[in-house]
Amino acid sequence: MNSTSGETTCCHIIALPFPGRGHINPMMNLCKLLVSKCSNLINITFIVTEEWFGFIKSTPKPSEITFQTIPNVIPSELIRASIFPEFVKAVYTKMEAPVEQLLDRLQLPKVSAIIADTYLTWSVAVGNRRNIPVVSLWTMSPSVCSLFYHFDLLIQNRHFPVDNLSDRSSVHLNLLFAVERGDEVVDYIPGISPTRLADLPTFFSGVGKQTLGEVLEAFACIRKAQCVMFTSFYELERQVIDSLNTRFAFPVYSVGPLIPHNTLDSTPDANLDYFKWLNSQPAKSVLYISLGSFLSVSREQMDEIVEGIRESGVRYLWVARGETARIQEACGEMGLVVPWCDQLKVLCHSSVGGFWTHCGWNSTLEGVYAGVPMLTFPIFWDQIPDSKLIVDDWKVGMKVRDVAKEKLVGRKEISAIIQRFMSLDGYESKQMRRNASELQETCAQALSEGGSSEANLDAFISKFLKCL
Ligand SMILES: O=c1ccn([C@@H]2O[C@H](COP(=O)(O)OP(=O)(O)O[C@H]3O[C@H](CO)[C@@H](O)[C@H](O)[C@H]3O)[C@@H](O)[C@H]2O)c(=O)[nH]1
């Protein structure tokens with residue numbers, strides 16, 4: 001604290017999240033954490049588009065965090081998934097100028113740092129021009145960070161590009177590739193356990209390949225940031241984090257999981273129908289299903305999932321956007337379908353015994369925190385290696401969808417794996433549940449007083465928030 005004159009000085013942080021739920025949530029959780037650590041001593045300006053402000057303005061937050069908006073210079077969130085490459089290009093090219101204008105107008109005093117999503121490449125230049133340190137917040141797994149940071153190794157080892165794939169925008173091209181060469185093993189990315197080509201992010205073709213240029217640009221820019229922050233915790237991927245620490249010329253801080261665990265006790269739930277329903281179910285009997293907040297699977301696949309769940313006879317709570325009534329009718333009376341829920345609180349409910357997940361990194365961290373085993377159904381990008389971490393490395397889950405094997409997972413297969421996964425008696429299931437509890441314990445230790453995440457946050461604060 002800068003208090004030689006007896007006065008307390010407030011400093012300022014600018015938060016620049018990437019416009020997407022999976023990025024805004026962890027950025028907000030980080031901001032809340034910083035405020036709770038440095039109460040009354042920092043103010044945070046959280047910058048989003050007007051559209052996102054509409055989505056999040058009623059989110060409970062401390063008064064030290066203030067929203068500021070820029071105009072909607074990028075395509076709407078409502079169509080983001082359908083025009084993803086165009087959306088990413090707009091984020092890379094259209095947001096910098098309005099952010100600069102906003103900062104000029106606000107004239108914020110004593111700005112200690114800009115915390116910006118790694119994918120907002122231009123933020124490093126904004127910070128450097130204003131002589132403000134830039135903290136690059138990576139909201140995916142440290143493994144995926146290492147992979148993109150060392151992308152040249154894939155090229156040197158002739159694992160990228162793959163010549164026989166055209167640029168047609170099709171998920172099936174990735175599958176085609178996965179079937180032909182997917183079992184080849186990548187064992188040269190620092191810190192990452194041997195990984196099949198099929199388990200790398202979906203950058204070999206289609207939409208993934210179309211946005212790869214921007215992602216690699218982000219990893220060129222990350223080198224000019226003053227530090228990198230992970231939403232994860234150190235013990236979860238210790239080898240990768242150690243190895244990145246030796247390679248980066250700046251510090252790496254793992255301060256997570258940056259999920260809303262601090263609010264678990266405070267949010268009221270008694271009146272919500274799905275909590276009332278959960279309260280009346282047997283312990284560990286409910287499969288919680290979420291396919292993520294922005295991408296969806298094909299109609300054909302969705303029908304197989306619905307039938308598989310119905311045939312399994314397992315109790316379920318399914319978060320489905322848009323098609324709630326249709327899915328509820330088709331899946332039957334063993335469960336509930338809702339358009340949105342308080343996911344972390346649901347995962348921590350004693351009736352929930354499993355998590356069908358698309359393996360978004362926040363959901364993965366929430367599953368780890370809650371100690372719930374995961375049934376993985378990755379759809380795109382980093383979700384594929386996240387599934388591999390969950391199933392092969394941590395051994396806290398089972399795969400519904402193996403990208404190297406099949407295009408469409410059929411209802412019989414889905415029903416069988418759900419039953420095996422939710423059984424509390426089977427050897428495999430018991431082992432998986434034991435591993436999930438152990439990982440949960442490691443996570444709790446990281447978050448506890450003196451744990452690695454707390455120590456990293458303290459180290460970050462003392463190095464970067466100089467005004468405190
Ligand atoms: O009913 C719901 C559904 C979701 N969530 C929350 O929404 C967030 C979703 O984040 P995530 O699980 O990471 O999924 P996406 O929104 O799909 O995340 C995007 O961003 C992530 C972080 O960069 C990437 O790992 C993913 O691949 C990418 O799709 C999580 O905190 C969930 O708890 C809820 O609270 N209620």
Side-chain angles (χ1 to χ4, degrees), residues 17-30 32 52 55-56 59-60 77 80-81 84 87-88 91 116-120 136-145 147-148 200-203 207-208 211 215 218 229-232 256-264 267 269 272 274-275 278 288-297 316-324 327 336-349 352 355-370 372 374 376-390:
F18 181 93
R21 174 65 64 185
H23 299 255
I24 288 179
N25 282 10
M27 180 69 87
M28 179 52 85
N29 293 330
L30 172 61
K32 287 178 179 173
W52 266 103
F55 298 145
I56 61 175
T59 312
E77 173 65 12
R80 170 162 72 115
F84 194 58
F87 177 86
V88 171
V91 170
D117 194 288
T118 304
Y119 284 120
L120 300 187
S136 188
L137 179 68
W138 178 247
T139 61
M140 298 181 175
S141 73
S143 291
V144 171
C145 178
L147 183 77
F148 286 122
L200 296 183
T202 51
F203 48 64
V207 171
T211 49
V215 175
M229 202 174 250
F230 288 138
T231 60
S232 190
L258 287 178
I259 57 174
H261 57 87
N262 287 331
T263 61
L264 278 174
T267 39
D269 57 22
L272 292 169
Y274 62 90
F275 276 117
L278 278 176
Y288 168 66
I289 306 165
S290 170
L291 298 182
S293 66
F294 109 95
L295 285 167
S296 32
V297 299
Y316 66 87
L317 173 62
W318 186 336
V319 171
R321 286 160 300 133
E323 294 191 297
T324 337
I327 297 175
L336 274 189
V337 185
V338 293
W340 186 256
C341 75
D342 186 340
Q343 178 166 297
L344 184 60
K345 201 157 195 183
V346 164
L347 288 171
C348 292
H349 194 285
V352 172
F355 180 14
W356 174 308
T357 176
H358 75 305
C359 307
W361 187 240
N362 298 289
S363 292
T364 303
L365 291 173
E366 288 166 14
V368 166
Y369 175 88
V372 177
M374 291 174 257
T376 66
F377 196 96
I379 301 172
F380 177 67
W381 205 244
D382 63 318
Q383 299 158 13
I384 318 289
D386 294 351
S387 166
K388 189 242 174 201
L389 282 172
I390 293 166

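Counting convention: from 1, in listed order, for ligands and their atoms alike.
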(message) Using a 3.5 Å cut-off on N or O atoms only, is Arg21 in polar contact with ligand 1?
(response) no
(request) Using distance alone, decide if ligand 1 has a nitrogen or oxygen within less than 3.5 Å of any nitrogen or oxygen in Asp342. (result) no
(message) Angle between ring planes, Trp381 versus Phe148, binned at 30° and 60°: parallel, tilted or perpendicular?
(response) parallel
(request) Pick one of side chain, backbone, both or neither for how Val319 approaches ligand 1, counting any non-hydrogen atom pair under 4.0 Å. (result) side chain
(request) Would you check the N or O atoms of Leu344, main chain and side chain alike, for any that come under 3.5 Å of an N or O of ligand 1? (result) no
(message) If the contact criterion is a heavy-atom separation under 4.0 Å, does Gly20 count as touching ligand 1?
(response) no
(message) Considering Ser363, Ser290, Ala81, Pro339 one by one, which has a heavy atom nearer to atom 12 (O) of ligand 1 than any of the others?
(response) Ser363
(request) Would you please indicate if the ring centroids of Trp318 and Tyr288 are separated by under 6.0 Å? (result) no
(request) Answer whether the closest heavy-atom distance between the side chains of Glu77 and Pro19 falls below 4.5 Å. (result) no
(request) Identify, with sequence neighbours excluded, every residue that meets side-chain contact (heavy atoms from CB on, under 4.5 Å) alongside Pro17. (result) Ile24, Met27, Phe46, Val48
(message) If we only consider heavy atoms of Trp340, is any one of them less than 4.0 Å away from an atom in ligand 1?
(response) yes
(message) I'd like to know if the side chain of Thr118 pairs up with that of Ser136 as donor and acceptor (distance under 3.5 Å, no hydrogens or angles considered).
(response) yes
(message) Would you say that Val215 contacts Phe203 through its side chain, given a criterion of any heavy-atom pair below 4.5 Å between the two side chains?
(response) no
(request) Indicate yes or no for a side-chain donor-acceptor contact from Tyr369 to the backbone of Cys348 under 3.5 Å, with no hydrogens or angles considered. (result) no
(request) Give the atoms of ligand 1, by number and element, whose distance to some non-hydrogen atom of Gly360 is under 4.0 Å. (result) 11 (P), 12 (O), 13 (O), 14 (O), 25 (O), 26 (C)
(message) Give the atom numbers and elements of ligand 1 that come within less than 4.0 Å of a heavy atom of Trp361.
(response) 13 (O), 24 (C), 25 (O)
(request) Please list, chain by chain and in numerical order, all residues satisfying side-chain contact (heavy atoms from CB on, under 4.5 Å) with Val372, sequence neighbours excluded. (result) Val352, Phe355, Ala370
(request) Check Asp382 against ligand 1 and report side chain, backbone, both or neither, counting heavy atoms closer than 4.0 Å. (result) side chain
(message) If the cut-off is 4.0 Å to any non-hydrogen atom of Thr139, which atoms of ligand 1 fall inside it?
(response) 22 (C), 23 (O)
(message) Show the atoms of ligand 1 that are less than 4.0 angstrom away from any heavy atom in His358.
(response) 12 (O), 14 (O), 15 (P), 17 (O)
(message) Parallel, tilted or perpendicular, judged at 30° and 60°: which one describes the rings of Trp52 and Phe55?
(response) perpendicular
(request) Look at atom 31 (O) of ligand 1 and find which of Gln343, Gln383, Glu366 reaches it with the closest heavy atom. (result) Glu366
